[in-house]
> 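Pasting in a structure now, in structure tokens, and then I'll have a few things to ask.
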Amino acid sequence: MSTTGASADPLAALGSLPGVAESVESVRKAVDRVYGHRVMRRRSNAITSEAALRGARGSAALSGADWALEEVRRRSDFGVDDEALAMGAALRLTAEAGQLLSIWRQSPLRVLARLHLVAAAGGGDEIGRPRQAGEPVDEPLVELPLPAADEVAGRLDGLSELIIAGSSAPALVTAAVVHGELLALRPFTSRNGLVARAAERIVLIGSGLDPKSVCPAEVGHAELGRAAYLTALEGYVSGTPEGMAAWITHCGRAVELGARESTAVCEALQRGAA
């Protein structure tokens, strides 16, 4: 995040970028519509569960496992091939994210390590820690230049300091920066995209924007498509005001689409169709 150090609260400074305030307001209205739905007052747990499933499906789709929702519901074996492994990892991360909220603000690096451990679900001393010099990264769908291990360590420390210090920035801005920074760095040897999107979810929940986790941004990211996702990420990596704003507003649109998805679920439940 190249803007770090530009002000006492660099995350808040990003909120003044062109188009960001409008995106923040649009996201708030979309979230409020879901939370104001009458079904949410009676069946919020059902909406949360469905949002978790759909969010996991969306995140896995961006990592190359683009399964139909009913296929995700039907399957019980997620260890057969690469796509099944990715889907299983996404489902585990979604379940784990809600358990880590209390730790995030005190020790975000510990949470990220835990997320990778859950996602990778395997042996090897590279699991659950940032990669070291010379270690390869298995993240074929993100083809941006890979930062060196020492740069990764420094930027992770900087990101951790920002989270622990707190910010007056809108939740969307913080979530987008956490997501973008982790994708740009790819700090682990595998599953970085899944971890980055799970971390975005944690910020959105923990900030109070989406406390019941019913607005899955992963759904929106998948709906907007991998090409748009990677193009927006390139904007983040560029570090320019225009690029950063484009990434934040892209993440905002993803949250709006996630909110729309859950609104549709509410409507279906109200009609007795789901």
> Could you check whether any side-chain heavy atom of L14 comes within less than 4.5 Å of a side-chain heavy atom of V177, counting everything from C-beta outward?
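SC-SC contact between L14 and V177 confirmed.
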
> Decide if atom CZ of R110 counts as having more than 12 heavy atoms of other residues, nucleotides or ligands within a radius under 6.0 Å.
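12 or below, so no.
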
> Is the shortest side-chain N to carboxylate O distance from D66 to R57 below 4.0 Å?
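Yes, this pair counts.
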
> Just wondering, do L17 and V20 contact through their side chains at under 4.5 Å, heavy atoms?
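Yes, at least one pair of side-chain atoms sits under 4.5 Å.
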
> List the atom of S168, the atom of D9, and the distance in Å for their closest heavy-atom pair.
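Closest approach of S168 to D9, heavy atoms only: N-OD2, 3.0 Å.
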
> Could you please spell out the steps behind the side chain to side chain contact (heavy atoms under 4.5 Å, CB included) verdict for R75 and W67?
CA-CA 11 Å; R75 289 284 289 270; W67 291 9; 3.5 Å; yes

> May I ask you to check whether S262 and E50 show a side-chain donor-acceptor distance below 3.5 Å?
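Distance-only check fails for S262 and E50.
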
> Any side-chain heavy-atom pair from S44 and V214 closer than 4.5 angstrom?
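Counting from C-beta outward, S44 and V214 never come under 4.5 Å.
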
> Minimum heavy-atom separation for Y35 and C215, please, with both atom names.
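Here Y35 and C215 meet closest at CE1-SG, 4.4 Å.
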
> Return the minimal non-hydrogen interatomic distance between L101 and G206, and the atom names on each side.
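That closest heavy-atom pairing would be CD2-N, 3.9 Å.
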
> Would you kindly say whether T94 and R201 are connected by a side-chain donor-acceptor distance under 3.5 Å?
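No donor-acceptor contact under 3.5 Å links the two side chains.
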
> Assess the side chains of R197 and S63: does a donor N or O sit below 3.5 Å from an acceptor N or O?
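Side chains of R197 and S63: pair found under 3.5 Å.
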
> Quick one: pull up OG1 in T48 and CZ in R43 and give me the separation to the nearest 0.5 Å.
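Going from OG1 on T48 over to CZ on R43, the span is 12.0 Å.
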
> Minimum heavy-atom separation for L182 and L159, please, with both atom names.
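So the minimum-distance heavy-atom pair works out to CD2-CD2, 4.5 Å.
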
> Compare all side-chain heavy atoms of H116 with those of I127 and state whether any distance is below 4.5 angstrom.
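They are in contact (side-chain heavy atoms under 4.5 Å apart), so the answer is yes.
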
> Could you check if a side-chain atom of D138 sits within less than 4.5 angstrom of a side-chain atom of T189, using non-hydrogen atoms only?
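D138 does not reach T189 side chain to side chain.
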
> In terms of ring plane angle, is the pair Y229 and H250 parallel, tilted or perpendicular, where the classes change at 30° and 60°?
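Y229 vs H250 ring planes: tilted.
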
> In Å and rounded to the nearest 0.5 Å, what is the CD1 to CD distance from I205 to E200?
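So the CD1 of I205 and the CD of E200 are separated by 10.5 Å.
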
> Within a strict 4.5 Å, meaning less than it, do heavy atoms of the E181 and Y236 side chains meet?
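With C-beta onward as the side chain, the pair touches.
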
> Kindly compute the distance separating CG (L141) from CD (E143), expressed to the nearest 0.5 Å.
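Going from the CG atom of L141 to the CD atom of E143 covers 8.0 Å.
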
> Within the distance-only criterion (no hydrogens, no angle test), does the side chain of R155 pair as donor or acceptor with the backbone N or O of D150 below 3.5 angstrom?
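Not at all, since once roles are kept as given, no pair shorter than 3.5 Å links the two residues.
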
> When you measure from the side chain of E139 to the backbone of S190, do you find a donor-acceptor pair of N or O atoms at a distance under 3.5 Å?
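A pair under 3.5 Å: no.
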
> Give the intermediate values and the outcome of salt bridge (charged side-chain N to carboxylate O under 4.0 Å, His left out) for residues R28 and E25.
CA-CA 5 Å; R28 169 54 68 189; E25 180 62 20; over 6 Å; no

> Distance-only, no hydrogens or angles: does the S26 side chain make a donor-acceptor pair with backbone N or O of S23 under 3.5 Å?
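Pair absent, no side-chain N/O of S26 close to backbone of S23.
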
> Tell me whether V152 shares a hydrophobic cluster with V195, the cluster being built from Ile, Leu, Val, Met, Phe, Trp, Tyr side chains joined at under 4.5 Å.
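In one cluster with V152: V195, yes.
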
> When clusters are formed by joining ILVMFWY residues with side-chain heavy atoms under 4.5 Å apart, either directly or through shared neighbours, do I163 and L100 land in the same one?
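Both belong to a single hydrophobic cluster.
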
> Please walk me through it: do H37 and R33 pass side chain to side chain contact (heavy atoms under 4.5 Å, CB included)?
CA-CA 6 Å; H37 199 286; R33 279 194 292 272; over 6 Å; no

> Quick test of your reading of the model: are E223 and R260 salt-bridged, counting only N-O distances below 4.0 Å?
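Salt bridge: yes.
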
> State whether the side chain of T249 and the backbone N or O of A245 hold a donor-acceptor pair below 3.5 Å, judged by distance alone.
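The answer is yes, because a donor-acceptor pair under 3.5 Å joins these two groups.
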
> Check N192, V137, L185 against R131 for a side-chain contact (heavy atoms from CB on, under 4.5 Å) and give me the one that passes.
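Checked N192, V137, L185 against R131; only one passes side-chain contact (heavy atoms from CB on, under 4.5 Å): V137.
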
> Testing the basics here: between P10 and L162, what is the closest heavy-atom pair and its distance to 0.1 Å?
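Smallest heavy-atom distance, with atoms named: CG-CD2, 3.6 Å.
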
> Can we say R114 and E96 salt-bridge, meaning some charged N sits less than 4.0 Å from an Asp/Glu carboxylate O?
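Between E96 and R114 there is a salt bridge, with a charged N closer than 4.0 Å to a carboxylate O.
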
> Closest approach of M40 and C266, non-hydrogen atoms and distance?
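M40 and C266 have their closest heavy atoms at CG-SG, 4.0 Å.
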
> Are V118 and L53 co-members of a hydrophobic cluster defined by side-chain heavy atoms under 4.5 Å apart?
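Per the 4.5 Å side-chain linkage, L53 and V118 are not co-clustered.
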
> Report yes or no: do L172 and L183 belong to one cluster of Ile/Leu/Val/Met/Phe/Trp/Tyr joined by side chain heavy-atom distances under 4.5 Å?
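Same cluster.
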
> What verdict does the side chain to side chain contact (heavy atoms under 4.5 Å, CB included) test give for F188 and L115, after you've listed the backbone C-alpha separation in whole Å, the side-chain angles of each residue and the deciding distance to 0.1 Å?
CA-CA 10 Å; F188 302 107; L115 290 175; over 6 Å; no

> Compare all side-chain heavy atoms of I47 with those of L269 and state whether any distance is below 4.5 angstrom.
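Sidechains of L269 and I47: in contact.
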
> Would you check, one step at a time, whether the test salt bridge (charged side-chain N to carboxylate O under 4.0 Å, His left out) holds for R129 with E135?
CA-CA 12 Å; R129 63 154 174 80; E135 288 184 328; 2.7 Å; yes

> Among the clusters formed by ILVMFWY side chains lying less than 4.5 Å apart, do F78 and L194 turn up in the same one?
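No, no single cluster joins them.
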
> Return yes if some donor-acceptor pair links the side-chain N/O of S107 with the main-chain N/O of I103 below 3.5 Å, else return no.
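No, S107 side chain to I103 backbone: no donor-acceptor pair under 3.5 Å.
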
> Verify the neighbour count for atom CG of D157: are there more than 12 heavy atoms of other residues, nucleotides or ligands below 6.0 Å?
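Count over threshold, so yes.
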
> Are E151 and L146 close enough, and set up right, to give a side chain to side chain contact (heavy atoms under 4.5 Å, CB included), and what steps lead you there?
CA-CA 10 Å; E151 180 183 351; L146 191 67; over 6 Å; no

> Sub-3.5 Å donor-acceptor pair from the side chain of W104 to the main-chain atoms of I202, do we have one?
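Here the side-chain-to-backbone pair does not exist.
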
> How many angstroms lie between CG in L69 and CZ in R73, if you round to the nearest 0.5 Å?
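The distance works out to 4.5 Å.
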
> Please tell me if the side chains of T174 and S207 come closer than 4.5 Å, counting only heavy atoms from C-beta onward.
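When only atoms from C-beta onward are counted, S207 and T174 do not touch, as no gap falls below 4.5 Å.
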
> Please check if the side chain of R191 supplies one atom and the backbone of A120 the other of a donor-acceptor pair under 3.5 Å.
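No, because the side chain of R191 does not come within donor-acceptor range (under 3.5 Å) of the backbone of A120.
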
